[in-house]
Each structure stands twice: as C-alpha cells, then as structure tokens.
Chemist: 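Structure below; questions to follow.
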Amino acid sequence: MAKKIVHRPELTFWEKLYIPQVLTGLKITSIHFFRNLFLHILHRLGIFKHRRAGVTIQYPEELRPLFSRYRSRHRLTLRDDNTPRCVGCMLCETVCPAKCITIVPGEHPDPHVEKYPVRFDIDLGICVYCGYCVEVCPEDAIRMDTGILDLASGTREGMRLDIHQLMDPELRKPVTNCSLDFPHQCEVTGGEMKGGWDQVRKYSDNQV
Ligand code: SF4
Ligand code: SF4
C-alpha cells in the first residue's frame, strides 16, 4: 500500500512570534468584557433589558438550577419507618456497567417484603452516572435527584458511599454517628453488624 507523507506546515515569521494570536485573544476577551459591563449598566438604569448580558455564578455559594432529569448524586428512598425501600433484588448491581454497586441482602421480617440491604455501597470513583440503576429498580428505591454535584475527595475510600450516606444525602464523610435502627453492616462502627428489627418503630409497635 502506497504511503502518503504529510509534512507539517512551517509556521510563518508572524506565527512564530505568537503576538497576533495573543492580540486576537485579548480583543475577543475585551469585547465580551465591555459588552457585558455596558449592558449591566444599562440594565441597572432599567433599559435594554431584552438584551441578555453574561452572568457569573458565584459557585459554590450560588448554585445554578438543575434540570429535573439531571443525574446527580444517588440516594436510597425510604419507607415510613425510616428503612430503605430497597428489596435487595440485585438488579441495579447486575446492570451497573461500572460494577460499582455492592449489596449484601438480608431477610426482611415482613413476609410481604422479600429482602432488604444489610449493606449497600456505591463507589462514585468509578460510577459513570449512566442512571441504569435508577431505571432498572422495580421499587423506585434508588434515585439520582439529590442535586449534589460536589463529590471531590482526597482518597479513593472517600468516594465510596455507604448505606448511611445513601439514606441521608446530607451526611458527609467521615460519618461518625449512626442513626439507623434496622440491622445493617455499619461502616461507622468498623463494619460490624448493628441494630435490630425490634428497634424499628413499625416492628416494635407489633404492627406486623
Ligand atoms: S449510575 Fe450507572 S455506573 Fe453509576 S451506579 Fe448507577 S448503574 Fe452504576
Ligand atoms: S434495583 Fe432497587 S430494589 Fe433492587 S437492589 Fe437495586 S435499589 Fe434495591
């Protein structure tokens, strides 16, 4: 097969100076700067409001509104007794293309509920935010609607959400206090089993 040799084009003298490119960039930036400054002054005076001017959002103090279908950090939805709606069917773990969901199911005392998650982890360090876990869930037990976008962490471990953070999206690592009553593998106490169904309101009230 014949080879086609493509030579890199030589830069001209002016291109090697890079001064025209720098001046072009400054010109574009200045046009935007003075246009926005001028329009904002006019808006303050109550005129030319139909012409939009650029607005800087002061993140993170000020947050841009998200579309309702935007996929943000995950959460587990809850039953009235503050236990997860999840029935431990493993569909989300199976469908996850990044294999970042880990569920350990346990037997639920309610005969109408097959199982529940003793452990439920999502490693956001490898999650690709595809939303398949939400779509596949038959119980509407997992959603990506928290609106939380700031996920940075200094460690890989810090990117892994456990059941405490998934049930309460306000929690931030390190989580030091466990408020879950149902039996679960508790990361707060070092991965030991903690809680009992007799401590959960619905079951302690003998409503089952
Ligand atoms: S959003 Fe996608 S990659 Fe992330 S946990 Fe759900 S299924 Fe897995
Ligand atoms: S698909 Fe839904 S019910 Fe099934 S394990 Fe995942 S979160 Fe739980």
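Every value quoted in this text rests on a predicted model; they were computed, and no experiment measured them. First listed ligand is number 1; within each ligand, the first listed atom is number 1. For the single chain, residues carry numbers from 1 onward in sequence order.
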Chemist: Please determine which of H74, M159, K99 meets the side-chain contact (heavy atoms from CB on, under 4.5 Å) test together with C127.
Modeler: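 It is H74, the one option of H74, M159, K99 that forms the side-chain contact (heavy atoms from CB on, under 4.5 Å) with C127.
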Chemist: Look at atom 4 (Fe) of ligand 1 and say which protein heavy atom is nearest, naming residue and atom and giving the distance to 0.1 Å.
Modeler: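 Checked against all protein heavy atoms, atom 4 (Fe) of ligand 1 sits closest to C127 SG, 2.3 Å.
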Chemist: Go through ligand 2 atom by atom and flag the ones less than 4.0 Å from a non-hydrogen atom of C89.
Modeler: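 That gives atoms 1 (S), 3 (S), 4 (Fe), 5 (S) of ligand 2.
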Chemist: What protein heavy atom lies closest to atom 2 (Fe) of ligand 2? Include the residue and the distance to one decimal.
Modeler: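 Looking only at protein heavy atoms, the one closest to atom 2 (Fe) of ligand 2 is C137 SG, 2.3 Å.
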Chemist: Using a 4.0 Å cutoff against the non-hydrogen atoms of Y129, which atoms of ligand 1 qualify?
Modeler: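 Listed by number with element, the hits are 1 (S), 4 (Fe).
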Chemist: K99 near ligand 1, heavy-atom distance under 4.0 Å?
Modeler: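 Under 4.0 Å: no for K99.
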Chemist: Considering heavy atoms of the protein only, find what lies nearest to atom 6 (Fe) of ligand 1 and give residue, atom and distance to 0.1 Å.
Modeler: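 Result for atom 6 (Fe) of ligand 1: C133 SG, 2.4 Å.
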Chemist: So, are D162 and R119 salt-bridged, with charged N and O less than 4.0 Å apart?
Modeler: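 The answer is no: the pair does not qualify as a salt bridge.
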Chemist: Out of curiosity, E135 CD to L91 CG, how far, rounded to the nearest 0.5 Å?
Modeler: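 E135 CD to L91 CG: 13.0 Å, rounded to 0.5 Å.
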Chemist: Under 4.0 Å from ligand 1, counting heavy atoms only, is it the side chain of R71, its backbone, both or neither?
Modeler: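 It is neither; nothing of R71 touches ligand 1.
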Chemist: Distance check below 2.8 Å: does C86 bring an N, O or S atom to atom 8 (Fe) of ligand 2?
Modeler: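 An N, O or S atom of C86 is closer than 2.8 Å to atom 8 (Fe) of ligand 2, so yes.
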Chemist: For V87, counting its heavy atoms only, list the atoms of ligand 2 lying under 4.0 Å from any of them.
Modeler: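 In order of number, 3 (S), 8 (Fe).
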Chemist: Parallel, tilted or perpendicular: which one describes the rings of H184 and F182, with boundaries at 30° and 60°?
Modeler: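 H184 vs F182 ring planes: tilted.
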Chemist: For ligand 2, which atoms have a heavy atom of C92 less than 4.0 angstrom away?
Modeler: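 Going through ligand 2 atom by atom, the ones under 4.0 Å from C92 are 1 (S), 5 (S), 6 (Fe), 7 (S).
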Chemist: Can you check whether H50 and F48 have ring centres sitting under 6.0 Å from each other?
Modeler: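 Centroid separation for H50 and F48: below 6.0 Å.
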Chemist: Mark up the atoms of ligand 2 that fall under 4.0 Å of a heavy atom belonging to I103, in ascending order.
Modeler: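 Answer for ligand 2: 5 (S).
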Chemist: Quick one: look up the protein heavy atom nearest atom 8 (Fe) of ligand 1 and list residue, atom name and how far away it is.
Modeler: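 Of every protein heavy atom, C96 SG, 2.3 Å lies nearest to atom 8 (Fe) of ligand 1.
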Chemist: What residue and atom, counting heavy atoms only, is the protein's closest point to atom 5 (S) of ligand 1, and at what distance?
Modeler: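 The answer is C100 SG, 3.5 Å.
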Chemist: Please work out which of the three classes, parallel, tilted or perpendicular, describes the rings of Y116 and H108, given edges at 30° and 60°.
Modeler: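 Answer is perpendicular, since the angle exceeds 60°.
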Chemist: Is any side-chain heavy atom of C89 closer than 4.5 Å to one of E114?
Modeler: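 They are not in side-chain contact.
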Chemist: Give the residue, atom name and distance (to 0.1 Å) of the protein heavy atom nearest atom 1 (S) of ligand 1.
Modeler: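 Result for atom 1 (S) of ligand 1: G131 N, 3.2 Å.
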Chemist: For atom CZ of R51, decide whether the heavy atoms of other residues, nucleotides or ligands shown that lie under 6.0 angstrom number more than 12.
Modeler: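 Atom CZ in R51 is not crowded, with 12 or fewer foreign heavy atoms closer than 6.0 Å.
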Chemist: If you have a sec, work out which protein heavy atom is nearest atom 3 (S) of ligand 1 and how many Å separate them, to one decimal?
Modeler: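 Minimum-distance protein heavy atom for atom 3 (S) of ligand 1 reads V128 N, 3.4 Å.
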Chemist: Supply the atom-to-atom distance R160 CZ to T155 OG1, rounded to the nearest 0.5 angstrom.
Modeler: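 Reported to 0.5 Å precision, the distance equals 10.0 Å.
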Chemist: Under a 4.0 angstrom heavy-atom cut-off, which atoms of ligand 2 come close to M90?
Modeler: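 Counting from 1, the qualifying ligand atoms are 4 (Fe), 5 (S).
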Chemist: Quick one: does P117's side chain get under 4.5 Å of P105's, heavy atoms only?
Modeler: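 When only atoms from C-beta onward are counted, P105 and P117 do not touch, as no gap falls below 4.5 Å.
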Chemist: Rounded to the nearest 0.5 Å, how far apart are CG of L161 and CD of E187?
Modeler: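 Between L161 CG and E187 CD, I get 11.5 Å after rounding to 0.5 Å.
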Chemist: For ligand 1, does I101 get within less than 4.0 Å through its side chain, its backbone, both, or neither, judged by non-hydrogen atoms?
Modeler: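 For I101, the contact with ligand 1 is made by the side chain alone.
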Chemist: Show the atoms of ligand 1 that are less than 4.0 angstrom away from any heavy atom in H74.
Modeler: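 In order of numbering, the contacting atoms are 1 (S), 4 (Fe), 5 (S), 6 (Fe).
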